[in-house]
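The block underneath contains the structure these notes are about, expressed in structure tokens.
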Amino acid sequence: MTAYMIIGGVIVSVAALIGTFLVGRDVSRQMKQYEEEGDTIANELARSHDYEKTSLKYNIKRLSWMYAALMLVVFIVSIAIAYYGK
């Protein structure tokens, strides 16, 4: 039972790590696209403000949910190991 819980915790941890990399890759891809376009300073400033708004809305929300789920699973696994591990 304990081994299954540890495996579940590791799987969720890896999933959260992969999700973090996907969010980072999405942001990097978007920044690279902006660099290739080579806009004016006014457009860059507008994009910067837009990015701050959308990043808080989407990226931070996605990462928060992933890590909240990770913390919940780790907490449950820790309690289960303490209870069943004896």
Side-chain angles (χ1 to χ4, degrees):
M1 179 77 166
T2 304
Y4 292 126
M5 287 184 236
I6 292 173
I7 291 170
V10 168
I11 289 172
V12 171
S13 298
V14 169
L17 182 65
I18 291 171
T20 301
F21 284 131
L22 290 175
V23 169
R25 189 179 71 182
D26 185 42
V27 169
S28 295
R29 186 179 327 131
Q30 195 174 31
M31 295 304 292
K32 188 175 181 180
Q33 177 186 2
Y34 291 152
E35 287 175 3
E36 289 174 356
E37 290 175 1
D39 284 337
T40 63
I41 293 176
N43 287 344
E44 288 180 10
L45 183 62
R47 265 199 321 263
S48 175
H49 289 294
D50 183 51
Y51 174 76
E52 288 178 10
K53 291 176 187 175
T54 58
S55 178
L56 288 175
K57 230 184 238 183
Y58 299 109
N59 295 337
I60 303 298
K61 188 184 287 187
R62 280 190 260 173
L63 291 172
S64 296
W65 278 109
M66 281 189 289
Y67 283 101
L70 175 64
M71 285 189 288
L72 180 66
V73 168
V74 168
F75 181 71
I76 291 170
V77 168
S78 298
I79 290 175
I81 288 172
Y83 183 72
Y84 292 113
K86 294 180 180 182

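Below, all heavy atoms of this structure are taken into account, side chains as well, without hydrogens, waters or symmetry copies. Keep in mind that what you see is a predicted model, and the values were worked out from it rather than measured. We number each residue from 1, following the sequence as shown.
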Original post:
Mind checking who shares a hydrophobic cluster with Leu45, ILVMFWY linked at side-chain heavy-atom distances under 4.5 Å?
Top reply: none
**OP:** Report the residues that fulfil side chain to side chain contact (heavy atoms under 4.5 Å, CB included) with Ile18, sequence neighbours left out, ordered by chain and then residue number.
**Re:** Val14, Leu22
**OP:** With sequence neighbours excluded, give me every side chain to side chain donor-acceptor pair (under 3.5 Å) pair touching residues 68-77.
**Re:** none
**OP:** Could you tell me which residues satisfy side chain to side chain contact (heavy atoms under 4.5 Å, CB included) with Phe75, sequence neighbours excluded, listed by chain and number?
**Re:** Ile79
**OP:** Verify the cluster assignment for Val74 and Met66: are they in a single hydrophobic cluster under the rule of side-chain heavy atoms below 4.5 Å apart?
**Re:** yes
Original post:
Cluster question for you: counting only ILVMFWY and a side-chain heavy-atom cut-off of under 4.5 Å, with indirect links fine, are Leu72 and Tyr83 together?
Top reply: no
Original post:
If you group Ile, Leu, Val, Met, Phe, Trp and Tyr whenever their side-chain heavy atoms sit less than 4.5 Å apart, what else falls in with Phe21?
Top reply: Leu17
**OP:** Please list all pairs passing the side chain to side chain donor-acceptor pair (under 3.5 Å) test where one or both residues lie in residues 8-23, with sequence neighbours left out.
**Re:** Thr20-Tyr67
